[in-house]
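Working notes for the structure below.
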Amino acid sequence: MTSIAANLQAVRARIAAASIAAGRPPESVRLLAVSKTWPAASVREAVAAGQRAFGENYVQEAVDKAAELAGLNESGLEWHFIGPLQSNKTRLVAENFSWVHSVDRLKIAERLAAQRPPDLAPLQVCIQVNVSGEASKSGCAPDQAATLAHAVAALPRLRLRGLMGIPEPAEDSSLQRSRFVLLRQLRDRLNAEGLGLDTLSMGMSHDLEAAIMEGATLVRVGTAIFGERNYTT
Ligand SMILES: *Cc1c(COP(=O)(O)O)cnc(C)c1O
């Protein structure tokens, strides 16, 4: 029997070990607990174990869960939207999340900017880049990322923080690392162009060590914290 608290402790230890191996301070990597498909009770357990930032993929599921957990708002819960975003869902995201990692076209960013309530802090945004070519449909093409990033950075009510990527699972670890390197180099180039990006959102349960080695500042971890997801229930 493992508990969410024990799993969180193990994931934090993995992050710390990988950071140290990469010559980086462990505090330089944030942990986003991906709670999609898991009930509010699971989030509550993670909060009791000290976790504050949670990632969700499905807008309505997340909004319902956050409402159930509204009593915990004083603990400083932070909701991150990390799933594919359709234009008819942007308003709910703009009104209910602190971060969006999956902006991959200007139209979506413009809607989020227009719909972000003025009494909330600016929405923290990452641009999702398709680092695996045709293997994945989500994310903008790497050669379009710079144009999109500069346009998003100019929008009101949003704050562009960095880039997000989801490499396809690869047997070949050097291929996998090359996807993370691509994202880091893109970030470095955008910073050379003056964008001041502080976030590289990359690495999940199975590849967080490789991602941290290549500069991840935020890892998105679901299975290693909450267990295998069951999509049929
Ligand atoms: C589900 C998901 C994760 C978490 O994946 P695990 O393999 O369960 O750690 C991370 N990022 C995104 C975008 C996801 O959709």
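Atoms within each ligand, like the ligands themselves, are counted from 1 in listed order. Source: prediction; values computed, not measured.
Partner of Glu214 under the salt bridge (charged side-chain N to carboxylate O under 4.0 Å, His left out) criterion, out of Arg179, Arg187, Arg184: Arg184 alone.
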Pair up each side-chain donor or acceptor in residues 29-45 with any protein partner under 3.5 Å, not counting sequence neighbours, and list the distances.
{"unit_1": "Arg30", "atom_1": "NH1", "unit_2": "Glu78", "atom_2": "OE2", "d": "3.0"}
{"unit_1": "Arg30", "atom_1": "NH2", "unit_2": "Glu78", "atom_2": "OE2", "d": "3.0"}
{"unit_1": "Ser35", "atom_1": "OG", "unit_2": "Glu56", "atom_2": "OE2", "d": "2.7"}

Can I get a per-line list of side-chain donor-acceptor pairs under 3.5 Å for residues 4-13, giving both atom names and the distance, sequence neighbours left out?
{"unit_1": "Asn7", "atom_1": "ND2", "unit_2": "Ile225", "atom_2": "O", "d": "2.9"}
{"unit_1": "Arg12", "atom_1": "NH2", "unit_2": "Ala49", "atom_2": "O", "d": "2.9"}

Please list, one pair per line, the donor and acceptor atoms closer than 3.5 Å that link side chains of residues 140-154 to other protein atoms, with sequence neighbours excluded.
{"unit_1": "His150", "atom_1": "NE2", "unit_2": "Glu193", "atom_2": "OE1", "d": "2.7"}

Show me a pair-per-line table, with atom names and distances to 0.1 Å, of protein N or O atoms that are under 3.5 Å from an N or O of ligand 1.
{"unit_1": "ligand 1", "atom_1": "8 (O)", "unit_2": "Thr223", "atom_2": "N", "d": "2.8"}
{"unit_1": "ligand 1", "atom_1": "8 (O)", "unit_2": "Thr223", "atom_2": "OG1", "d": "2.6"}
{"unit_1": "ligand 1", "atom_1": "8 (O)", "unit_2": "Arg229", "atom_2": "NH1", "d": "2.7"}
{"unit_1": "ligand 1", "atom_1": "8 (O)", "unit_2": "Arg229", "atom_2": "NH2", "d": "3.1"}
{"unit_1": "ligand 1", "atom_1": "9 (O)", "unit_2": "Ser205", "atom_2": "N", "d": "3.0"}
{"unit_1": "ligand 1", "atom_1": "9 (O)", "unit_2": "Ser205", "atom_2": "OG", "d": "2.5"}
{"unit_1": "ligand 1", "atom_1": "9 (O)", "unit_2": "Gly222", "atom_2": "N", "d": "2.9"}
{"unit_1": "ligand 1", "atom_1": "11 (N)", "unit_2": "Arg220", "atom_2": "NE", "d": "2.9"}
{"unit_1": "ligand 1", "atom_1": "15 (O)", "unit_2": "Lys36", "atom_2": "NZ", "d": "2.7"}
{"unit_1": "ligand 1", "atom_1": "15 (O)", "unit_2": "Asn57", "atom_2": "ND2", "d": "2.7"}

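With a 4.5 Å cut-off on side-chain heavy atoms, Ile166 and Met204 count as touching. Between Arg220 and Ile82 there is a side-chain heavy-atom pair separated by less than 4.5 Å.
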